[in-house]
S.K.: 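I have a structure here, written as structure tokens, and I will follow up with some questions on it.
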Amino acid sequence: MSADPLQALASAGKGENTRSLLRFIILALIAGAAIASRLFSVIRFESIIHEFDPWFNFRATKYLVANGFYNFWDWFDDRTWHPLGRVTGGTLYPGLMVTSGIIYHALRALAIPVDIRNICVLLAPAFSGLTAIAAYLLTNEMTPNSSAGLLAALFMGIAPGYISRSVAGSYDNEAIAIFLLVFTFYLWIKALKQGSMLWGALCALFYGYMVASWGGYAFITCLLPLHAFVLICMGRYSTRLYVSYTTWYALGTLASMQIPFVGFLPVKTSEHMPALGIFGFLQLLAFLDYIRSAIPGRQFQTFLWLFAGGTFGLGLLGLVLATSAGVIAPWGGRFYSLWDTSYAKIHIPIIASVSEHQPTAWPAFFFDLNMLIWLFPVGVYLCFQELADEHVFIVVYALFGSYFAGVMVRLMLTLTPVVCVAAAIAVSTLLDTYLSAKSPSPPPAHAADGGEGAGKKAAKAGLKSTTKPVVGIYGLWGKGMMVGAMAVYLLLFVLHCTWVTSNAYSSPSVVLASKMPDGSQHIIDDYREAYQWLRQNTREDAKIMSWWDYGYQIGGMADRPTLVDNNTWNNTHIATVGKAMSSSEEVSYPIMRQHEVDYVLVVFGGLLGYSGDDINKFLWMVRIAEGIWPDEVSERAFFTPRGEYRVDGEATDAMKNSLMYKMSYYNYNNLFPPGQAMDRMRNARLPEVGPTLSTIEEAFTSENWIIRIYKVKDLDNLGRDHMSAAAFDRGSKKKKAAKKRGPRQLRVD
Amino acid sequence: MRSFFSLLACLFVAAVSALSTSGNRLLVVLDDVAEKVNYSKFLADLESRGFQLSFETPKSESLALFRLGERAYDHIAFFPSKSKGLGPNLTPNILVDFLNANGNILVTLSSGVATPTSLVSLLNELDIQLPVDRTGLVVDHFSYDASSAAETHDVILLPPPGPVRPDVKDFFSAGAAASEILAFPRGVGAALGASELLTPVLRAPSTAYSYNPKEQAEVVDDLFAAGSQLSLVSTSQARNSARFTLVGSAEMLQDKWFDAEVTTADGQTAKTFNREFAKRVSGWTFNEIGVLRVNWIEHHLDEAGAANESSPSIYRIKNDVKYTISLSEYSWTHWTPFTTPAADTLQLEFSMLSPFHRLALNPDPAQSTGDAAAYTAAFKLPDQHGIFNFKVNYRRPLLSNVEEKTTVSVRHMAHDEWPRSFVISGAWPWIGGVGVTVAGWLGFVALWMYSAPVKGRAAAGKKTQ
Amino acid sequence: MRWLPAFLSAALLAAPSLAAKKSAEERFTAFHTKSLSSTPVKLRDNTYRELTGAPRDYTAAVLLTAMDARFGCQLCREFQPEWDLLSRSWTNGDKAGESRLVFGTLDFSDGRDVFMSLGLQTAPILLLFPPTVGPHAAASPEPIRYDFTNGPQTAEQIHSWVARHLADRPHPPIKRPFNWMRWISTFVVLSGGLTASFVAWPYVLPVIQSRSVWAAITLISILLFTSGHMFNHIRNVPYVAGDGRGGVSYFASGFQNQYGLETQIVAAIYGVLALSGISLAIKVPRMTDPRAQGIAIFAWGGILFLVYSFLLSVFRGKNAGYPFSLPPFM
């Protein structure tokens with residue numbers, strides 16, 4: 001009796017059309033939710049580009065929209081990496097910019113003029129909606145019941161692990177890349193299941209789009225061959241696999257080679273070799289398969305299989321030799337540091353210095369994927385039940401995704417989709433089990449032994465736990481309890497995601513928000529203040545020297561040439577800046593003259609207690625500079641004999657004389673009563689007398705002293721060195737006695 | 001940019017009909033305005049050359065070198081003053097600011113009066129040392145004026161000075177008759193430091209030395225300086241081409257030494273060269289000679305069939321480009337084409353971080369005019385993209401500095417600027433390969449589709465089984 | 001005879017100075033010949049002073065180390081073979097002594113006084129004494145010090161460092177002896193492994209093909225990775241740390257760091273949660289007996305709830321200001 005309303009509800013959703021309509025509506029709502037939950041920053045602050053890299057993408061997009069595609073393709077940017085310039089068109093992934101460019105022009109064509117900035121700001125949320133739908137499709141390939149798909153879409157839509165890189169304003173490659181990743185995987189599974197060349201070609205097409213968009217395409221390039229390899233090892237070689245893989249590889253590789261930045265890498269570098277190797281191996285297998293069908297004979301076949309194995313081993317050996325011989329480039333630094341985890345720390349400080357290349361601590365995992373993190377293994381286990389090809393894919397993906405995510409924080413992105421899919425499978429299985437209206441009657445005998453038979457069958461291949469047949473849940477209260485609990489968990493999950501998004505991932509690090517004692521929000525806008533100052537008070541081509549973190553922002557917001565920026569392709573140039581910052585004025589002034597530096601910009605958090613300032617990053621500058629000039633810059637010199645990194649009175653001479661220190665603390669103690677100067681970031685009491693500058697002069701200091709800009713002096717007009725010139729200006733009389741300097745050196749003309 | 005400014009300057013000059021290239025407001029600082037009768041000829045010469053003289057004493061309150069942040073005068077001439085310092089309006093810092101603001105300064109000393117401290121510290125900044133306690137007397141016991149200084153030997157006679165270096169134009173003694181002699185009465189000698197901005201114009205003869213008549217009357221212990229290290233008239237030109245001249249003896253500018261008669265140690269008499277020398281020294285100091293002007297700079301693609309835009313902001317690697325610069329030199333009344341001395345060349349640098357090319361600029365008569373000489377160089381850009389500078393950095397003693405920097409970007413090859421594949425002979429095998437593959441594939445497909453198995457054969461096959 | 005002791009003492013005082021008086025040339029030849037027989041030269045206090053005394057027209061690279069087990073200098077023992085290798089290959093490569101470089105090793109047990117005089121607290125320390133006279137004379141006689149801040153160094157690194165400071169002089173390359181032992185052992189192990197696997201194949205095959213085994217492996221590794229094991233591996237964090245009051249703090253404070261034990265606890269929590277999830281999803285619906293099933297549902301559901309609430313409370317400890325929690329661990 002109590003089941004009646006449920007029955008009624010079910011019958012309402014019986015018709016296939018109503019179901020699909022419902023499904024459609026639900027998907028639309030999910031996409032809407034995914035978009036909506038990413039708009040915190042826009043509502044709180046304004047429609048503004050976030051962080052660092054997005055500023056370059058934004059600038060590039062503006063260039064594309066203004067000058068057309070071909071000029072963008074051949075873009076030589078003479079306002080970054082001064083004086084080297086950057087062949088931007090050939091060193092970026094154009095997918096993002098082209099996408100928003102197309103959208104811009106399409107809207108124009110529809111007579112809907114939208115500012116390009118708003119398109120860039122809102123691109124990521126829009127694509128996150130698509131990602132949710134892609135996750136739905138992918139999951140539907142995994143399990144028959146579509147509730148799993150809807151759940152996956154929901155998880156994908158609001159999982160913080162993905163939101164972290166796709167809130168409104170974070171206009172970064174990942175914004176569209178994750179959608180492409182998931183959709184490519186969907187197409188791959190589709191192609192594999194149907195063995196259809198069409199789906200394979202589509203897969204290749206989207207793979208090409210992915211390559212054009214994000215460097216993370218290497219993940220796909222390695223995962224698909226791995227999947228194929230595992231299938232082969234499981235003895236599941238099939239023509240479906242052959243067709244789909246070869247189609248994907250041939251077309252996809254051609255597509256990827258169209259991107260100038262990628263060019264011939266797919267045939268030259270190690271990270272692409274697995275794909276190539278599996279491609280060749282598949283040809284071999286196809287051939288052997290043909291022969292086997294042609295020629296009977298047991299031992300001949302074993303010989304053939306051995307032959308296949310041998311060839312594979314030989315191929316591997318050849319690959320190793322070719323790499324050692326240098327024919328094939330070894331792993332690229334970022335990629336290599338994924339395997340040899342201590343590699344970057346020793347050899348490439350520039351990579352190790354990037355915060356998002358740090359390993360992931362467990363709280364980060366839980367923070368980004370709350371309950372999914374423990375539903376994830378459940379889903380993977382469920383995939384082992386009937387281990388079809390697509391489930392193998394999920395398993396492989398799960399393994400490698402979690403490994404990479406553990407090594408690099410930013411790769412949490414690539415893990416999130418599989419977590420969502422697996423968790424959705426798990427949750428849907430649970431709900432289906434406990435939400436089914438009809439309870440089984442206590443088991444009659446024939447059902448039991450029927451089950452036995454089924455068990456016999458399953459026992460050969462399946463898991464131990466799935467030998468017995470499914471009977472279902474008897475007690476209503478048990479169902480009720482479980483459903484209730486699941487409801488609570490899901491509710492908690494939604495709350496968690498919203499909380500994380502609004503608190504952690506929605507601040508456009510360009511504008512800092514802080515709470516006043518009375519709880520009201522106080523906006524700290526020093527960055528934009530300083531960049532605006534640069535834009536309005538300096539020459540159009542004034543070269544700004546700063547640490548590379550701020551290069552993109554200066555280029556984007558202040559529109560001034562910079563020496564180095566976040567595209568860290570030239571370690572030496574960055575090391576030069578590091579050397580200029582970490583050396584004394586006498587050393588750094590010639591460097592700045594040579595690079596035609598007009599202004600130097602430093603970020604100083606001492607007054608506000610802002611942790612992301614240059615003094616905290618200083619050691620990286622020293623390390624990177626030491627990598628190139630080990631004799632002139634030494635990290636040890638910046639540590640006190642007791643191995644402390646100090647900025648107060650006990651700071652080492654190297655520290656006190658370094659340009660960075662001087663620029664940070666110049667005139668700082670005038671803010672305080674004598675002897676009271678405090679660095680609130682490092683809780684250090686600064687020495688009584690502040691540093692003096694002679695080769696540069698203070699030009700601008702922002703409201704909260706976060707940004708300080710200095711002007712580099714020209715050579716002295718009267719040919720004096722800057723020290724004595726500065727001394728003369730301060731009014732101190734010059735050395736009176738020429739005698740003291742012993743016999744005067746005679747002048748010869 | 002600079003050329004533009006100098007153009008403005010000369011327009012302004014034309015307006016006020018002065019003949020100096022940088023204004024004609026000359027401030028003469030005297031201890032007492034009455035003293036100017038001693039220098040009447042010198043000052044008359046200046047006025048005749050179009051300068052507006054205004055006389056001030058260091059003590060006067062009205063004296064101010066800057067008004068509302070702008071220079072109130074274009075040039076200053078200091079005559080010896082007894083005051084210890086020069087008061088609050090002429091502190092060394094103000095004087096340095098005056099130089100930094102392109103003002104020119106002529107300082108004259110005298111052994112009679114101690115040099116004011118502010119001038120001494122200004123000289124210190126310029127790396128010019130004076131004898132200790134700010135006074136000294138240059139004497140020479142071999143070449144002195146027998147008629148006026150028979151005992152004291154402190155009126156030094158020397159021939160008009162030649163050029164400092166062989167590759168430097170001779171400004172001060174050109175056209176001087178061999179008989180004419182320069183008289184340097186009772187002057188103070190200075191010792192120059194190693195600064196490359198300094199140029200000694202008149203060096204003491206090798207037998208001269210400087211001593212302090214008050215303290216070292218009997219015996220001269222620790223000599224301040226002697227011989228050619230002792231500079232009697234020395235000049236300094238700041239990086240912004242502001243000029244500074246130190247004349248060791250104010251007396252040599254006085255009327256009585258202008259075209260006077262002197263008798264050398266060996267008895268024959270000669271006329272002094274002082275008047276002409278004073279004219280030239282003051283003329284040089286006040287930007288009437290030795291001033292260079294950049295009229296225009298132009299660079300363009302030097303390739304056949306190239307769109308010949310003038311001075312584009314961006315080139316491509318390995319372009320052929322041509323760079324031309326037009327220079328004029330001012331002499332007293334008008335601009336003349338500037339020709340480098342025989343032993344010297346004008347050089348062009350094409351540099352990014354360090355020079356990739358350093359070429360000699362050759363005279364280009366085609367583009368030269370009556371008052372400007374054009375120099376040009378044509379070369380092929382390096383195979384390196386980046387932001388480069390055309391640099392002309394011509395600094396010579398006694399000539400105002402020429403430092404011209406023109407920035408251009410050099411871009412990489414665009415994707416459609418490479419030769420097409422069918423042009424490259426090495427690519428033919430591959431192109432052929434593509435063709436063969438396509439043809440073979442089509443052939444195979446055709447064969448496959450139109451070669452149906454023959455029925456009879458199949459039937460036969462059946463029978464055999 | 002009263003002056004005799006005085007004289008003796010004077011002589012004793014003079015002795016080291018006399019030693020130092022020997023000309024740089026013959027000192028170099030002496031040490032070089034010694035090093036040809038056995039390099040690096042084992043130094044004592046006096047020989048150290050003799051080697052590094054000015055004037056010297058040669059370069060001296062001296063390693064101050066503490067090999068004795070008492071000092072427990074792990075780094076010294078790790079670095080010693082590399083150092084020997086470097087000096088041996090250098091000296092063999094340059095028998096004539098053109099590079100004018102002498103390698104020496106001073107152990108703490110032989111040279112306490114030197115360590116004292118240099119005021120050294122740590123070991124090993126590598127000092128490079130540049131020549132004070134002769135063609136390669138350096139500006140300052142002060143030794144250049146190599147810092148072992150980032151871990152044990154290989155011979156190649158030291159070689160490049162030395163070569164940097166010995167410009168325009170021959171730099172004999174490092175010749176690592178061919179490691180027969182390793183190759184043989186690896187070969188033996190490989191062949192052994194192959195035969196073993198061949199023999200045990202019929203028994204191994206079902207294990208390899210068993211789905212449960214693979215499932216177990218997969219789940220375990222996933223749990224390891226997602227509980228931050230790689231972080232421990234890379235940052236090699238401590239296993240546990242004591243809190244101030246003598247107890248043991250299992251959870252590191254702060255969002256960005258963790259302890260070894262902590263991650264294992266977290267992995268265990270995840271494991272339990274996953275296990276209960278699995279059994280609720282797979283095992284329970286296959287139970288035929290209603291009562292047992294009811295109990296199982298209750299048990300697993302309860303465990304799931306409790307452990308999850310505990311996990312939340314732990315996370316709140318890591319991230320102050322995390323608002324959500326479940327009973328009973330509020």
Side-chain angles (χ1 to χ4, degrees), chain A residues 341-342 345-346 359-367 371 373-378 380-382 384-385 387 395 398-399 402-403 405-407 426 429-430 433 442-443 448 461-466 468-475 477-478 481-482 485 488-489 492 495-496 499 630-631 635-636, chain C residues 147 149-150 161 164-165 211-212 214-215 218-219 221-231 233-235 255-258 262-263 266-267 269-271 273-274 277-288 290 293-294 297-298 301 304-305 308 311-312 315 318-319 321-324 326:
Chain A
T341 46
S342 63
K345 206 163 42 171
I346 301 170
T360 320
W362 77 266
F365 277 101
F366 188 78
F367 192 67
M371 83 173 170
I373 200 64
W374 55 267
L375 283 171
F376 178 37
V378 180
V380 173
Y381 186 80
L382 288 175
F384 272 95
Q385 264 185 317
L387 198 56
V395 171
L399 262 179
S402 45
Y403 171 77
V407 174
T429 321
L430 279 172
T433 321
L463 295 159
K464 277 203 181 39
S465 54
T466 58
K468 291 205 242 61
V470 180
V471 264
I473 307 302
Y474 298 94
W477 62 272
M481 190 184 96
M482 274 318 297
V488 169
Y489 299 151
L492 201 57
L495 289 176
H496 172 95
W499 181 79
D631 300 338
E635 183 179 358
R636 158 196 288 267
Chain C
D147 55 346
T149 43
N150 39 16
W161 178 73
R164 257 214 325 279
H165 291 95
R211 210 179 269 188
S212 309
W214 285 106
T218 317
L219 292 200
S221 42
I222 286 180
L223 286 177
L224 272 184
F225 292 141
T226 50
S227 59
H229 174 263
M230 290 316 292
F231 186 93
H233 176 73
I234 294 170
R235 294 284 171 82
F255 193 70
Q256 277 309 326
N257 50 6
Q258 58 185 19
E262 181 179 356
T263 56
V266 171
I269 294 177
Y270 288 168
L273 288 170
I278 289 170
S279 28
L280 278 169
I282 296 176
K283 287 233 177 54
V284 172
R286 289 182 166 78
M287 290 178 143
T288 46
Q293 189 189 49
I297 292 179
F298 187 75
L304 189 61
F305 193 81
Y308 188 34
L311 176 60
L312 281 176
F315 184 71
K318 298 290 288 190
N319 177 4
Y322 181 70
F324 307 115
L326 284 174

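Numbered from 1 within each chain, the chains take letters A, B, ... in sequence-line order. These numbers were taken from a predicted model, which means no experiment stands behind them.
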S.K.: Quick one: what part of C:Ile269 sits under 4.5 Å from any heavy atom of chain A, side chain, backbone, both or neither?
M.R.: neither
S.K.: Given that the side chain runs from C-beta out, which part of C:Trp214 has a heavy atom under 4.5 Å from chain A: side chain, backbone, both or neither?
M.R.: both
S.K.: A quick test of your reading: do over 12 heavy atoms of other residues, nucleotides or ligands sit less than 6.0 Å from CZ of C:Phe305?
M.R.: yes
S.K.: Which bit of A:Phe367 is near chain C, if near means a heavy-atom gap under 4.5 Å: side chain, backbone, both or neither?
M.R.: both
S.K.: Side chain from CB out, backbone as N, CA, C, O: work out which of these in A:Leu492 comes under 4.5 Å of a heavy atom of chain C, or both, or neither.
M.R.: side chain
S.K.: Tell me, out of C:His165, C:Gln258, C:Gln256, who's got the most heavy-atom pairs with chain A below 4.5 Å.
M.R.: C:Gln258
S.K.: Please classify the contact of C:Tyr308 with chain A as side chain, backbone, both or neither, using a heavy-atom distance under 4.5 Å.
M.R.: side chain
S.K.: Please evaluate residues C:Phe231 and A:Trp362 with respect to the criterion ring pair (Phe, Tyr, Trp, His ring centres under 6.0 Å), reporting the C-alpha separation (whole Å), side-chain torsions for both, the decisive distance (0.1 Å), and the verdict.
M.R.: CA-CA 8 Å; C:Phe231 186 93; A:Trp362 77 266; over 10 Å; no
S.K.: Please classify the contact of A:Thr433 with chain C as side chain, backbone, both or neither, using a heavy-atom distance under 4.5 Å.
M.R.: side chain
S.K.: So, using side chain to side chain contact (heavy atoms under 4.5 Å, CB included) as the criterion, who are the partners of C:Leu219 when residues are at least two apart?
M.R.: A:Pro377, A:Val380, A:Tyr381, C:Ile278
S.K.: Evaluate the ring planes of A:Phe366 and C:Phe315, with Trp represented by its six-membered ring, and classify them as parallel (under 30°), tilted (30 to 60°) or perpendicular (over 60°).
M.R.: tilted
S.K.: Shorter than 4.5 Å, heavy atoms on both sides: which option in A:Val488, A:Asp631, A:Thr429 has the most such pairs with chain C?
M.R.: A:Asp631
S.K.: Just verifying a value: how many Å separate C:Tyr270 OH and A:Phe365 CZ, rounded to the nearest 0.5 Å?
M.R.: 8.5 Å
S.K.: The criterion is side chain to side chain contact (heavy atoms under 4.5 Å, CB included); which residues satisfy it with C:His229, sequence neighbours excluded?
M.R.: C:Leu224
S.K.: Of the listed residues (C:Tyr322, C:Phe298, C:Phe225, C:Trp161), which shares the most heavy-atom pairs with chain A below a 4.5 Å separation?
M.R.: C:Phe225
S.K.: Where on A:Ile373 is there a heavy atom nearer than 4.5 Å to chain C: the side chain, the backbone, both, or neither?
M.R.: side chain
S.K.: Can you say whether the rings of C:Phe324 and A:His496 are parallel (under 30°), tilted (30 to 60°) or perpendicular (over 60°)?
M.R.: tilted
